[in-house]
Structures are given as C-alpha cells and as structure tokens.
Amino acid sequence: MAAPRLVLLGKQGAGKGTQSVRLAEHYAVPHLSTGDMFRAQAALGTAFGLEARRFMDQGELVPDDVVIGVIEECLAPGGPLEGGFVLDGFPRTLPQAKALDRLIKSHPVDVVVDLEVPTDIVIDRIAGRRVCTLCQRVYHVNMPPKVNWTCDDDGAPVVQRDDDTEEAVMRRLALYESQTKPIIDHYRAQDLLVTVDGIGDGDDVFERIVEAVEKRLAQG
Ligand code: ADP
C-alpha cells in the first residue's frame, strides 16, 4: 500500500514526539514536528525562530497564520510530504485542522491517532523530561543517557526544555483542552480517528499504535 499520511494528537508529554519518530521510521515517511522546527529556528537565531520563541517560552501557541504559512510551504505539491507523512504538533487548533484539510485536499490524511494519557501522568513525565539539544531525543531523569547527560546518539548536551517550567506546562495543558481537543471531534466526524492508550512501555505503546493504524487503513 502507499505510504500513509498520519496525524498524531495527544497532550504534552503523551509521547507524541517519541512515537512519531518511530512511526515515520516504520512507514518510511518523513516526520514533521512543528515544535522541533520552531526550536531549531530559535536555536539558529532566525527572525522567525526568535519570534516563535517568545510564544513558546510562555507556553502560548504560535499564531495560526504564522504556523499555517510555514506548513503550507512544507505541504506544497511536489514537496517532501506529498508521498506520506507523520505530523506531530500540527494541527493544534481547529483553524489549523481546517487549513490542513484544504491544503491536502487531493491527498487527505489517512488516520489520526489520539494518544491518550491522563493529565497527572503527563505532568509527572514532563517534570522529569530532558531532551537532546541536537536531535531532540527525549530522556527522563529516571532513564538518563549513558554518559554524563550527553545524548547516546550524537553526544550533544541533554537538557530541560525552556518551556518545561511548571507555569508554561500548565498553560500548554490548558490550551490543549481549549484549542486542541475540539480537533478530536473534527476528525471523529470524518471517521479518521483512532484512540490509543499511551500508558506503559514505549514498545508496547508503539505496537498498539501500529495495530490501530493498520486496522483503520485496512478499512479503507
Ligand atoms: P508540546 O506538545 O509539549 O507543547 P511541542 O514541541 O509540540 O511541545 O511544541 C512546543 C511549542 O511550540 C508549543 O507550546 C507552541 O508554542 C509551539 N507550537 C508547536 N506547534 C504549534 C502549532 N501547531 N501551533 C501553534 N504553536 C505551536
């Protein structure tokens, strides 16, 4: 079958980042994380990145028109995402979901995975979350890299994200409820939604996601 077009939804700390990298590898399609993209731009110090960082550090969303403008370029016909993708962190508001529908009318999303994890568990996960400054691989204080907080894959420093402060996390979770949750109904109405339990071992969660995606893809 053709490479799938997948969207991963889930609150902060649900495991979207980790699982979408694995899914992209599994299906041999590109993975696009808007958060990673904005952080990379901020690290480079581009005008766009510095502007995005102002919102990110407060736990606020980057405005829809800015995000949609960037995504529009990535999804342009003939672009790298035309043949399939895993989207992580986009869409995050209903206007973004509607823009995505419009942008990929000729090759729509196949499956939307909602990775479900209760809020008390994600708060715990985010408090201990540490990420590689280069490849964004996610670690946890209880499962650190092998050598002195440097990434196992590329040796870059592994640190806490600037927006993983308690205040910014609470704001992001509140925005998830008010801005992102409505997207779930949007995709349920289109019969694209599958809900997967995101609690437990990463390998088990990955298996559950692939099983749910395959089942949904087989339904056509
Ligand atoms: P998290 O899901 O933990 O908030 P991300 O890395 O996905 O982490 O996003 C980090 C920040 O980047 C968000 O808090 C927001 O400021 C910005 N961002 C990422 N994607 C979007 C988006 N689609 N729309 C608006 N802002 C976004």
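Predicted, not measured: the structure shown is a model, and the values here were computed from it. Read the numbers this way: they start at 1 and go in the same order the structure lists the ligands and their atoms. Computed from heavy atoms alone, side chains included, the values below leave out hydrogens, waters and symmetry copies. Quick note: residue numbers are just sequence positions, from 1.
With a 4.0 Å cut-off on non-hydrogen atoms, R129 touches ligand 1 through its side chain and not its backbone. When heavy-atom distances to ligand 1 are checked against a 4.0 Å cut-off, R39 comes that close only through its side chain, counted from C-beta outward. With a 4.0 Å heavy-atom cut-off, ligand 1 is reached by no atom of R53. Here L61 has heavy atoms under 4.0 Å from ligand 1 in both its backbone and its side chain. Residue contacts with ligand 1, taken as heavy atom pairs separated by less than 4.0 Å, involve D163 solely via side-chain atoms from C-beta onward. Under 4.0 angstrom from ligand 1, the non-hydrogen atoms of R172 all belong to its side chain.
For the 3.5 Å distance criterion, the side chains of Q160 and R129 fail to qualify, holding no donor opposite an acceptor. No side-chain N or O of H31 forms a donor-acceptor pair with one of D36 less than 3.5 Å apart. With 3.5 Å as the limit, one finds no donor-acceptor pair spanning the side chains of T195 and E116. A donor and an acceptor atom, one from each side chain of Q190 and D101, are located under 3.5 Å apart.
Evaluated by nearest non-hydrogen atom to atom 7 (O) of ligand 1, the leading choice among Q179, Q12, R92 is R92.
Under a cutoff of 6.0 Å and an axis angle of 45°, R22 and F206 form a cation-pi pair.
Looking from atom 15 (C) of ligand 1 to the surrounding protein, the closest heavy atom is E60 O, 3.6 Å. With respect to atom 20 (N) of ligand 1, the closest heavy atom belonging to the protein is T34 OG1, 2.8 Å. Ranking protein heavy atoms by distance to atom 8 (O) of ligand 1, first place goes to R161 NH2, 2.9 Å. For atom 25 (C) of ligand 1, the nearest non-hydrogen atom of the protein is V62 O, 3.2 Å. When only non-hydrogen protein atoms are considered, atom 24 (N) of ligand 1 lies nearest to Q96 NE2, 2.9 Å. Considering only non-hydrogen protein atoms, atom 27 (C) of ligand 1 sits nearest to F38 CE1, 3.7 Å.
Heavy atoms of K16 approach ligand 1 to within less than 4.0 angstrom. For K11, the closest heavy-atom approach to ligand 1 does not fall below 4.0 Å.
Residues L8 and Q19 form a side-chain contact, since some pair of their non-hydrogen atoms from C-beta on lies under 4.5 Å apart. The side-chain heavy atoms of L50 and T46, taken from C-beta on, include no pair separated by under 4.5 Å. Between V7 and V113, every side-chain heavy-atom pair lies at or beyond the 4.5 Å cut-off.
In this structure, the separation between NE2 on H140 and CD1 on I126 is 10.0 Å, given to the nearest 0.5 Å. For the atom pair NE2 (H26) and CD1 (I209), the distance works out to 11.0 Å, reported to the nearest 0.5 Å. To the nearest 0.5 angstrom, L75 atom CG is 6.5 Å from H107 atom NE2.
Listed by number with element, the atoms of ligand 1 under 4.0 Å from a non-hydrogen atom of G89 are 20 (N), 21 (C), 22 (C), 23 (N).
Polar contact check, G13 against ligand 1: no nitrogen or oxygen pair lies under 3.5 Å apart.
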